[in-house]
Amino acid sequence: MLRSQQHFLFPDYPSGHSLAARLPRSSLLDSISQLPASAHPPKLGCLGPVMAPCVGCFLLAALISASCKAITSSDPVCTEKEANRRYNCENLGLREIPDTLPNTTEFLEFDFNFLPTIQNTTFSRLINLIFLDLTRCQINWVHEDTFQNHHQLSTIVLTGNPLIFMAETSLTGPKLLKHLFLTQTGISNLEFIPVHNLENLESLHLGSNHISSINLPENFPIQNLKVLDFQNNAIHYISGKDVNALEQATNLSLNFNGNDIKDIEPGAFNSKIFRSLKFGGSLNLAVILKGLQNSTIQSLWLGTFEDTVDQDLTPATFEGLCNMSVESINLQKHHFHGFSPSTFRCFTQLQELDLTATHLNGLPPGIEGMNSLKKLVLNANSFDQLCQINAASFPSLTDLSIKGNMKKLDLGARCLEKLGNLQKLDLSHSDIEAADCCNLQFKNLHHLQYLNMSYNQPLGLEDQAFKECPRLELLDFAFTHLHVKASQSPFQNLHVLRVLNLSHCLLDASNQHLLAGLLGLQHLNLQGNRFQDGHLSRTNLLQTASSLEVLILSSCDLLSIDQQAFHSLGNMSHLDLSHNSLTGDSMDALSPLKGTYLNLAANNIRIIPYHLLPTLSQQNTINLSHNPLDCTCSNINFITWYKENLHKLEGSEETVCANPQGLRGVKLADVSLSCGITDVGIFFLVVFVLLFIVLLRFLVKFLLRWKYQHI
């Protein structure tokens with residue numbers, strides 16, 4: 001099949017280069033500086049002015065025992081993301097599949113390379129492929145039987161390629177092909193798509209092309225299709241015949257975002273059932289809703305975009321909604337005109353309503369019949385006070401989001417009192433400020449499980465601040481300055497709280513009672529808070545949180561940690577101490593931890609003592625990147641351990657040497673130290689021992705002669 005398509009030109013990216021570091025043999029003084037302090041011998045006195053410098057010279061010669069070098073190999077062309085399975089060859093200017101890729105490769109990202117034509121020999125060696133991304137590889141021709149031996153291939157991404165020709169049998173072979181991406185390929189007619197072997201196809205992405213009709217080829221297999229994406233095309237009219245062709249697909253999600261739908265044939269969607277329909281950016285919603293009458297839709301997306309100038313929504317706009325069955329509607333970024341209770345007359349069956357950025361400063365009182373609504377999203381509007389949402393109109397709400405309010409939001413008092421079933425409340429990024437929080441504001445929210453108050457103004461937490469919300473499981477105060485007024489914990493009644501985010505709250509982290517009562521706390525984020533004198537002491541706020549599994553203490557300006565600081569945290573599986581100023585001496589505190597993900601990145605660790613290596617060995621994953629590590633003989637035990645445990649280490653590309661100067665920037669895995677005595681050193685050491693024996697005999701004779709002279 002030959003179809004002429006619009007050409008797109010893409011740049012040809014040059015190949016990357018890798019540099020190998022070579023290191024000269026260390027000088028005598030460098031070698032001495034690399035020895036641990038214990039290796040330097042005590043100073044010896046000499047008899048006579050000549051003997052001392054001679055002995056010193058021989059001693060220095062004997063200490064030519066440490067040499068180091070960096071062994072670096074050229075990086076592979078493609079990045080290995082998972083051994084023998086996942087590889088990323090993105091943007092390397094490749095014109096063929098490199099030989100370095102193993103035959104066992106299953107996931108291959110080959111985007112932004114140069115493959116003007118692909119044929120049955122292009123990927124013939126990689127018969128185990130499951131996922132193949134060929135985005136913007138300047139592909140024009142896809143020949144016959146290109147993937148004939150790729151029976152496991154389930155996803156092919158051809159996004160951004162100026163396709164001119166796809167052979168009828170080009171996709172024959174992948175018996176499990178489920179996802180096909182033909183976005184931005186210049187397709188104008190669906191007849192261009194080869195239909196052979198698409199029986200198992202679940203998603204077909206055709207966005208940003210020149211398609212004007214959704215009329216699929218007569219023999220196109222759609223029985224397993226779940227997603228059909230036509231966004232940003234040139235579709236203006238939808239006929240009943242086009243929709244009828246999709247009848248065999250069940251729970252289908254259709255995306256028409258970015259198409260200016262001007263008309264839908266009456267009855268086209270009659271008795272049709274869809275999982276999701278998206279008509280974002282359509283200028284006339286009344287036409288859309290009228291065309292969708294008598295249909296059943298789980299989710300209907302009718303929002304618009306910043307660059308779309310559409311008509312204001314009136315109560316008449318939604319008349320067609322009365323003859324449909326819809327569970328969820330999104331109307332983001334629209335403007336309402338004549339906003340009143342009658343606007344919601346046809347919304348009575350809704351379970352979810354999204355009014356994000358609809359320029360609202362209040363919901364009208366007296367809205368009736370919204371007893372089925374479970375989720376209400378009012379993000380990015382302009383409410384002055386929480387009571388302006390008239391929560392009593394939505395008595396069955398379990399999920400309420402007023403995130404990113406455009407004005408300073410006053411919580412008021414008892415504004416949500418009628419929402420006794422509310423389980424999730426998001427008030428983040430809304431410039432909220434309250435001197436005494438939060439019992440009066442959240443009165444009667446006894447079923448609340450999730451509360452997000454992050455990125456707000458300072459809040460004062462009173463004693464048992466969440467007495468009205470005893471079932472909270474997640475509480476987020478990130479980047480909200482908290483004033484804890486009570487001497488006891490404001491969270492002490494939250495016995496089922498599992499996740500607590502107190503990052504960047506400017507808390508006094510030395511308050512030992514802050515977490516009292518949190519018996520089930522599993523995840524604690526204290527990032528960006530400060531401990532007194534930069535020290536995490538033995539008696540700290542963590543002692544009352546023995547159930548902790550995840551602890552984040554990054555960016556806390558920590559200088560040291562007491563050896564017993566974590567002794568009560570036996571369930572820990574994730575500890576983040578990154579971006580502090582800890583040294584190797586603080587790592588003694590980690591000895592109680594086993595099987596933990598340990599992040600020590602961006603600290604001040606230079607040398608890791610030998611006795612701490614068993615502690616590191618008992619962890620699952622360790623990140624030591626961005627530390628000023630010594631690559632000298634004083635750290636030889638750790639470097640040896642590091643190279644033997646690369647499977648445990650994360651961020652190895654950024655785990656580099658800082659000292660000595662000659663090895664700065666070299667990856668730790670590429671460093672090879674030789675800290676034994678060299679042949680030259682052995683020679684001079686033997687000479688030194690012989691001279692010492694001669695000197696000792698001379699000294700004995702001298703003493704005996706002196707003794708006999710004074711008898």
Side-chain angles (χ1 to χ4, degrees), residues 231-232 235-236 238 254-264 269 274 276-293 295 297-324 326-367 369-370 373-384 388-390 393-394 397 399-407 409 426 429-430:
Q231 65 177 316
N232 298 322
I235 300 168
H236 303 304
I238 299 176
L254 265 174
N255 189 347
F256 293 110
N257 282 349
N259 292 276
D260 183 14
I261 307 296
K262 300 182 183 299
D263 195 16
I264 298 176
F269 286 85
F274 292 93
S276 169
L277 284 180
K278 295 183 178 181
F279 289 93
S282 296
L283 300 183
N284 194 333
L285 290 191
V287 168
I288 302 297
L289 294 175
K290 183 179 179 180
L292 296 179
Q293 290 193 40
S295 62
I297 305 165
Q298 183 174 332
S299 176
L300 180 58
W301 206 93
L302 300 174
T304 188
F305 310 106
E306 293 286 356
D307 57 350
T308 302
V309 180
D310 63 332
Q311 300 175 356
D312 289 350
L313 305 184
T314 66
T317 303
F318 300 104
E319 290 295 327
L321 193 59
C322 289
N323 298 318
M324 301 166 51
V326 182
E327 292 185 11
S328 171
I329 286 184
N330 186 307
L331 295 168
Q332 74 167 33
K333 295 188 181 298
H334 280 292
H335 288 77
F336 286 89
H337 180 71
F339 199 50
S340 66
S342 62
T343 304
F344 297 87
R345 185 175 67 86
C346 296
F347 286 57
T348 54
Q349 297 183 35
L350 286 182
Q351 296 184 26
E352 296 184 11
L353 176 60
D354 192 332
L355 297 174
T356 295
T358 46
H359 316 280
L360 300 176
N361 52 28
L363 295 182
I367 298 174
M370 300 288 288
L373 196 67
K374 302 293 185 183
K375 180 177 181 179
L376 178 60
V377 180
L378 298 169
N379 297 339
N381 283 294
S382 301
F383 301 104
D384 291 311
Q388 291 174 331
I389 72 168
N390 289 296
S393 300
F394 316 103
L397 275 188
D399 190 336
L400 174 62
S401 180
I402 310 177
K403 178 181 179 180
N405 197 62
M406 306 302 289
K407 293 183 178 180
L409 183 64
D426 190 343
H429 296 268
S430 293

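All of these numbers come straight from a predicted model, not from anything done at the bench.
Within the structure, salt bridge (charged side-chain N to carboxylate O under 4.0 Å, His left out) pairs that include any residue of residues 340-352 comprise E319-R345 (at least two apart or interchain). For residues 355-364, there are no salt bridge (charged side-chain N to carboxylate O under 4.0 Å, His left out) pairs, not counting sequence neighbours.
In this structure, the side chains of N390 and I367 stay at 4.5 Å or more apart for every pair of heavy atoms. Taking the side chain as every heavy atom from C-beta outward, F394 and I389 never approach each other to under 4.5 Å. Side-chain contact check for D260 versus H236: some heavy-atom pair is nearer than 4.5 Å. Side chains of L289 and L300 form a contact here, defined as non-hydrogen atoms less than 4.5 Å apart. In this structure the side chain of T358 never reaches within 4.5 angstrom of the side chain of L313, judged on heavy atoms. Annotation: side chain of L373 is not in contact with side chain of F344 (no heavy-atom distance under 4.5 Å).
Judged purely by atom type and a 3.5 angstrom limit, D399 has no side-chain atom pairing as donor or acceptor with the backbone of K375. Side-chain N or O atoms of D426 include none that pairs as donor or acceptor with a backbone N or O of N379 at under 3.5 Å. In terms of modelled atom types and a separation under 3.5 Å, the side chain of N405 and the main chain of K407 share a donor-acceptor contact. Distance alone, capped at 3.5 Å, places no donor-acceptor pair between the N323 side chain and the Q293 backbone.
Interatomic distance, OG1 of T314 versus CG of L285, reported as 10.0 Å (0.5 Å rounding). Separating the OG1 atom in T317 from the CG atom in D312 is a distance of 9.0 Å, to the nearest 0.5 Å. Here T304 contributes atom OG1 and Q332 contributes atom CD; the two are 8.5 Å apart, rounded to the nearest 0.5 Å. One distance of note links CE of M370 with CG of L363; it measures 9.5 Å at 0.5 Å rounding. Rounding to the nearest 0.5 angstrom, the gap separating the CD atom in E327 from the CD atom in Q298 is 5.0 Å. With rounding to the nearest 0.5 angstrom, the NZ atom of K403 is 15.0 Å from the CG atom of L409.
Between F336 and F339, the angle of the ring planes lies from 30° to 60°, which puts this pair in the tilted group.
Every residue two or more places apart in sequence or in another chain that forms a side chain to side chain donor-acceptor pair (under 3.5 Å) with T356 is listed here: D354.
For N361 and S382, the side-chain atoms include no donor-acceptor pair closer than 3.5 Å.
The two residues N259 and Q231 have their closest heavy-atom pair at ND2-CA, 3.9 Å. In terms of heavy-atom proximity, P341 sits nearest to P365 at CG-O, 3.3 Å. When all heavy atoms are compared, the tightest approach of I402 to S430 is O-OG, 2.9 Å. The minimum heavy-atom distance linking G366 with S393 is given by the pair N-OG, 4.5 Å.
For the ring pair (Phe, Tyr, Trp, His ring centres under 6.0 Å) test with F256, the passing option among W301, F279, F274 is F279; the others fail.
The environment of H359 atom NE2 is dense: over 12 non-hydrogen atoms of other residues, nucleotides or ligands sit within 6.0 angstrom.
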Side chain to side chain contact (heavy atoms under 4.5 Å, CB included) evaluation trace for N232 with N257: CA-CA 6 Å; N232 298 322; N257 282 349; 5.7 Å; no

